[in-house]
**Q** 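I'd like to ask some things about the structure below.
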Amino acid sequence: MNKFEQLGLNESLLLAIKDLGFENPSEVQEKAIPVLLEQNTDLVALAQTGTGKTAAFGFPLIQKLDAEDRSTQALILSPTRELCLQITNEIKQYSKYVKGLHTVAVYGGASITEQAREIKRGAQIIVATPGRMQDMINRGLVNIKNINFCILDEADEMLNMGFYEDIVSILSDTPEEKNTWLFSATMPAEVARIAKKFMHDPAEVTVGTKNSGSATVSHEFYCVNARDRYEALKRLADANPDIFSVVFCRTKRDTQAVAEKLIEDGYSAAALHGDLSQAQRDGVMKSFRGRQIQMLVATDVAARGIDVDNITHVVNYQLPDEIETYNHRSGRTGRAGKLGTSIVIITKSELRKISAIERIIKQKFEEKTIPSGIEICEIQLLHLANKIKDTEVDHEIDNYLPAINEVLDGLSKEELIKKMVSVEFNRFITYYKKKRDLSGEKGERSERSSEPREIRAGDPVRYFINIGTRDDFDWMQLKDFLKETLDLGRDDVFKVDVKEGFSFFNTDGEHTEKVMEVLNGFDLNGRRINVEISKNDGGGSGRRDHNGRSGGGERRSFGGNRDSRGGGERSGAPRGGFGPRKEGGFRSDSAPKREPGSFQREERAPRRSEGSSDRPAGRSFEAAKSRRPRRS
C-alpha cells in the first residue's frame with residue numbers, strides 16, 4: 001500500500017500522486033495531512049524550505065473543497081510571484097483529476113484585469129502575493145468574504161519583506177469562522193502576533209526543532225580580510241569543482257558586479273535580481289536548472305521561490321540584514337534527504353553574527369580556512385584524473401587514431417599522462433603559485449575576539465547602525481530619533497553620518513551600554529535594528545560640529561564590505577572546473593551585460609516582489625518616533 005493512502009487521501013489525489021512519482025510522504029506531510037483532513041482546525045506548521053509544505057496543505061485543501069461550487073473558497077498568500085506561480089502549478093498538478101476545480105495566480109507585474117477576469121470565470125482557489133491581492137480588494141475585483149480556507153505560506157518571509165499591514169488588512173476581509181493554516185520556516189514575533197490575532201486554538205506541527213535549520217545541511221564559515229572576499233569566493237569554487245550553487249549578495253549592484261567578475265574569470269555564472277525582466281529571469285532559471293550555470297548569484301528577494309534540485313552549496317557572500325533570513329538561504333540546499341553545505345564568508349567584525357545565527361538554527365558552524373593554492377591544485381588534479389577515467393569513449397574518434405598515434409609516437413605512458421594533464425592543469429599551477437595564502441585571517445571564536453575595545457566613560461564611541469536614507473532618515477531625523485529612543489540630551493548624540501543603507505553616530509562612552517542594550521533588536525516598522533561599535537571615532541579631533549555630521553565616515557555596509565569589485569585579479573585567473581570553456585562565460589539574453597547608468601541604486605531590503613502593486617509604503621520618521629524600544 002502507498003503510504004499516502006494511509007493518510008486518508010481520496011482516489012483522485014492518489015492518482016495524481018502516482019503520476020508525480022511520489023512514494024513516501026515527507027515528515028511535514030505525514031504530520032499535517034491527517035490533522036487537516038480529520039479536523040476543522042487552524043494550524044501552525046513550522047518546517048524548513050524544501051520539505052514539501054505545498055503538498056502538506058495542498059492535498060487536504062483540494063480534498064475539502066467543493067469543485068461544483070465555482071465561488072472562491074480558498075486563498076493562499078505567498079511572498080513572491082515566483083513562489084506564487086510555483087504553488088499554482090503544483091496545485092494544478094495535484095488537482096488534475098478533480099473535474100471543475102480551478103486555481104488562479106494573482107501577482108504584480110501582470111495584467112490585473114486579466115487576473116480579475118479569470119477569477120470571475122470561476123476560481124475556487126486564488127494564490128496571491130499580498131500586495132496585488134490588497135490592490136484587487138481595494139478595486140472591488142475579488143470577493144473573499146465567504147472563503148472557507150486561508151493559507152499563509154512562507155509567513156515569516158512575507159512579514160520580513162514588509163507585508164504585515166497588507167496581511168492584516170486581507171485577513172480582516174475574510175470570515176472569522178474560516179480555517180487558517182500558517183506555514184513558516186521560523187516563528188519570529190511578527191508571525192506569532194498574526195497567529196494570536198487571527199487563529200483560534202491552532203494545532204501545531206513542528207518538523208525538527210522550532211526555528212531550527214535542516215539536519216541535512218552542514219554550516220561552515222571562512223574569516224577573511226574584507227578586500228579578499230571575492231578572491232575567497234573563487235578559491236572556494238575552485239576547491240569544489242562540481243559546485244552547483246546559489247551565491248547570495250545583499251544588493252542588486254553587488255549581485256551584478258560579482259556575477260560579471262565570475263563570468264570574466266571564466267566561471268559559469270549569472271546574476272538574478274529585481275532589475276531583470278521576467279523573460280530574462282526565466283532564461284537564467286532555465287539555464288540554471290539545466291546546469292549550464294554553476295554559480296547563480298542572487299539577492300534574497302529574487303531567490304524567493306527557487307525550487308531547484310541537487311544544489312550542492314549555498315554561499316553567503318554577504319550575510320543578510322535579518323539573520324533569520326539565513327535559514328531560508330541555507331534551505332536551498334540539502335533537500336529531499338540529500339546533503340548540502342552552507343558557506344559564509346565573513347570578516348572579523350561580523351564574527352558575533354555567527355553566534356546569533358547558531359542560536360536560531362540550533363546548529364553549530366565549523367570554522368575553516370580558505371584552501372591554499374597548493375591544496376586547490378591537488379583537488380583539481382585529482383578531479384581531472386577522475387574525469388578522464390569516467391569519460392565515455394566516443395568511437396567516432398577511431399578513424400583519427402592512426403594520425404594521433406603517429407604524433408604521439410615515442411612518448412611513454414607516464415610522459416603521455418603528464419602532458420595530457422598539463423594541458424588543462426598548467427594554468428592552475430601558474431595562477432596559484434603567484435598567490436599569497438588567504439588563510440592567515442583566523443576568526444578565533446574566543447571570548448576575547450568578540451569583545452569590543454576597552455571603553456572609558458569620557459571617550460567618544462562611534463557606532464554603526466543598519467538604517468539610513470532608505471528608511472526615510474536624514475542626519476537631523478536620525479539624531480532626533482536616537483535622542484528620543486535613548487532618552488539622551490541634544491549634545492549626547494553627535495557626528496551623525498547617514499548613508500543610504502546604514503549610518504554612523506557618536507556618543508560618550510558612558511552611554512555605550514544603553515546604546516547597545518536599547519537599540520539592538522529594536523523593531524522599526526518591521527525592520528530589526530542592529531548596532532555595532534566602530535573601530536574609530538569618526539575622524540578628526542573635534543568633539544562635535546554644529547550640525548552633528550562627521551567629515552568622513554567609514555565606507556562599510558552591514559553584513560559585508562561593499563568593495564565587491566576589489567580582490568582577485570582577473571588576468572589569467574582560472575575558471576572553475578575543467579569543463580569546456582565558453583567564450584566570456586555565460587552571457588546571453590537571459591543574463592544581459594550591464595547597461596551604462598544601470599544598477600546605480602542599492603536594492604532596498606527588505607523589499608517586496610516585483611510589480612507596482614507589491615511595493616511597500618515608505619517609512620516616515622513620525623511613524624518611527626511613535627515606536628518605543630521592544631525586544632523582538
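Note that these values count all heavy atoms, side chains included, but never hydrogens, waters or copies made by symmetry. The structure presented is a predicted model; accordingly, all values stated were derived computationally and were not measured.
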**Q** Just by distance, no angles: are the side chains of T325 and D300 close enough, under 3.5 Å, to form a donor-acceptor pair?
**A**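 T325 vs D300: no donor-acceptor pair found between side chains.
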
**Q** N138 side chain to Q134 main-chain N or O, any donor-acceptor pair under 3.5 Å?
**A**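 Yes.
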
**Q** Is K261 close enough and on-axis enough to Y230, meaning under 6.0 Å and within 45°, for cation-pi?
**A**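 Yes, a cation-pi geometry holds between K261 and Y230.
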
**Q** Would you call the rings of F505 and Y463 parallel, tilted or perpendicular, where under 30° means parallel and over 60° means perpendicular?
**A** parallel

**Q** Side-chain contact test, heavy atoms from C-beta onward, threshold under 4.5 Å: evaluate it for V315 versus F248 and give yes or no.
**A** no

**Q** So do the side chains of L519 and N530 get within less than 4.5 Å of each other, counting heavy atoms only?
**A** no

**Q** Does a donor on one side chain and an acceptor on the other come within less than 3.5 Å for Y326 and S342?
**A** yes

**Q** Side chains of S169 and L171, heavy atoms from C-beta outward: is any pair under 4.5 Å?
**A** no

**Q** Please tell me if the side chains of L236 and Y222 come closer than 4.5 Å, counting only heavy atoms from C-beta onward.
**A** yes

**Q** Carefully, step by step, assess D153 and S78 under the rule side-chain hydrogen bond (donor to acceptor under 3.5 Å, both in side chains).
**A** CA-CA 5 Å; D153 189 31; S78 67; over 6 Å; no

**Q** Looking at T512 and G509, would you say the former's side chain and the latter's main chain have a donor-acceptor pair under 3.5 Å?
**A** yes

**Q** Between Q363 and E358, is any pair of side-chain heavy atoms under 4.5 Å apart?
**A** no

**Q** Indicate yes or no: does D497 engage K495 in a salt bridge with an N to O separation below 4.0 Å.
**A** no

**Q** If you define the side chain from C-beta out and look only at heavy atoms, does anything of T347 sit under 4.5 Å from C223?
**A** no

**Q** Can we say R229 and E350 salt-bridge, meaning some charged N sits less than 4.0 Å from an Asp/Glu carboxylate O?
**A**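 Salt bridge present between R229 and E350.
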
**Q** Have E82 and Q86 got a donor and an acceptor in their side chains that come within less than 3.5 Å?
**A** no

**Q** Does the ring centre of F481 sit less than 6.0 Å away from the ring centre of F522?
**A** yes

**Q** Determine whether V168 and S172 make a side-chain contact, defined as any pair of heavy atoms from C-beta on separated by less than 4.5 Å.
**A** yes

**Q** Quick one: does L75's side chain get under 4.5 Å of L77's, heavy atoms only?
**A** yes

**Q** Could you check whether D492 pairs with K483 (Lys NZ or Arg NE/NH1/NH2 to Asp/Glu carboxylate O, under 4.0 Å)?
**A** no

**Q** Apply salt bridge (Lys or Arg N to Asp or Glu O under 4.0 Å) to residues E484 and K479 and explain how you reach the verdict.
**A** CA-CA 9 Å; E484 294 187 20; K479 183 172 182 175; over 6 Å; no

**Q** Rounded to the nearest 0.5 Å, how far apart are CZ of F198 and CD1 of I170?
**A**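 Here the rounded value is 10.0 Å.
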
**Q** If we check side-chain contact (heavy atoms from CB on, under 4.5 Å) with F183, which of these qualifies: L43, I76, T54?
**A**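 Among L43, I76, T54, the one that satisfies the side-chain contact (heavy atoms from CB on, under 4.5 Å) with F183 is L43.
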
**Q** Does E154 use its side chain to pair, donor to acceptor, with the backbone of P79 at less than 3.5 Å?
**A**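 Looks like no, no N/O pair under 3.5 Å.
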
**Q** Main chain of F221, side chain of E366: is a donor-acceptor contact present, judged purely on distance under 3.5 Å?
**A** no

